[in-house]
Amino acid sequence: MIQIVPSILSADFARLGEEIQRVEQGGATMLHLDVMDGHFVPNLTIGPPVVKSIRKITKMTLDVHLMITDADKYAPVFIEAGADQVSVHQEACPHLDGTIRAIQAEGVPAGVVLNPATPVSALEDVLYLVDYVLIMSVNPGFGGQKLIPRCLDKVRQLARLRKELGLKFAIEIDGGVNLDNIGDIVRAGCDWLVSGASIFHSPDPAATVAKMRALAQEAMTIRV
Ligand code: DX5
Ligand code: ZN
């Protein structure tokens with residue numbers, strides 16, 4: 001099912017509970033949580049205690065995106081804190097097959113993330129294993145950047161591969177998603193669209209989510 005997935009990175013952290021309620025009112029059923037360690041990406045964000053607190057105030061699916069060098073060590077900690085699904089970067093995981101299996105063994109879906117410079121072919125040997133693939137459409141680390149158009153080719157390529165191989169993984173995109181490019185992204189074959197600044201920096205986040213959902217549904221009807 002097509003999903004608009006608000007990323008709290010651009011929310012007001014002093015009023016996080018209210019911000020989450022707003023996007024839930026707009027119809028979002030998944031929430032994107034960006035975990036950064038200051039090593040893999042040049043920024044620091046949230047840790048397990050924040051995920052634990054969010055878990056208590058929402059039933060939304062908590063989609064945890066790990067931008068950290070030690071995913072093997074911390075993925076179980078975030079699952080324990082309440083993550084419903086966890087994605088790890090291909091570029092950060094030398095034993096990717098094992099990392100994916102370890103997350104799934106904890107009982108949650110596992111995703112693999114590709115940076116803009118990493119080709120889809122890097123996933124050739126794990127595609128049959130993953131529950132979802134997250135295509136970064138900006139270089140990770142910060143919200144509010146502009147989508148790199150070439151990344152949509154990767155979404156198309158993945159969607160084609162999924163069909164050819166008869167696989168069922170979901171395709172997620174993250175970075176620079178806004179009201180103007182949602183149609184193109186959905187038509188490229190994307191299922192889950194993460195969006196941060198365009199939602200939380202808008203005057204009415206609930207209305208923006210609702211508008212994005214409507215645009216995505218409309219584009220679905222003409223998806224090729
Ligand atoms: C960037 C993060 C994104 C970010 C997207 O490294 O992974 O999830 O919040 O934000 P926008 O939609 O503002 O590009
Ligand atoms: Zn993210």
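All ligand and atom numbering here is 1-based and tracks the order in the structure.
Between the side chain of Thr29 and the backbone N or O of Met60, no donor-acceptor pair lies under 3.5 Å. In this structure a side-chain-to-backbone donor-acceptor pair under 3.5 Å is present from Arg55 to Thr58.
Close approach of ligand 1 to Gly144 (heavy-atom distance below 4.0 Å) involves ligand atoms 11 (P), 13 (O), 14 (O). Near Asp34, meaning under 4.0 Å from one of its heavy atoms, ligand 1 places the atoms 2 (C), 3 (C), 4 (C), 7 (O), 8 (O), 9 (O).
Each of Val120, Val186, Ile135 was checked for a side chain to side chain contact (heavy atoms under 4.5 Å, CB included) with Val155, and the lone residue meeting it is Ile135.
The aromatic rings of His65 and His89 sit parallel to each other, their planes meeting at less than 30°, with 60° as the upper class boundary.
In this structure, atom 14 (O) of ligand 1 lies nearest to the protein heavy atom Gly176 N, 2.8 Å. The closest protein non-hydrogen atom to atom 1 (C) of ligand 1 is Phe142 O, 3.6 Å.
Minimum-distance N/O/S atom of Asp174 relative to the Zn ion (ligand 2): OD2. Closest approach between the Zn ion (ligand 2) and any N/O/S atom of Asp34 involves OD1.
The proximity of Ala197 to ligand 1, defined as any non-hydrogen pair under 4.0 Å, involves the side chain as well as the backbone.
Rounded to 10 degrees, the NE2-metal-ND1 angle spanning His32 and His65 at the Zn ion (ligand 2) equals 100°.
A salt bridge between Arg162 and Asp191 is present, with a side-chain N of the basic residue lying under 4.0 Å from a carboxylate O of the acidic one.
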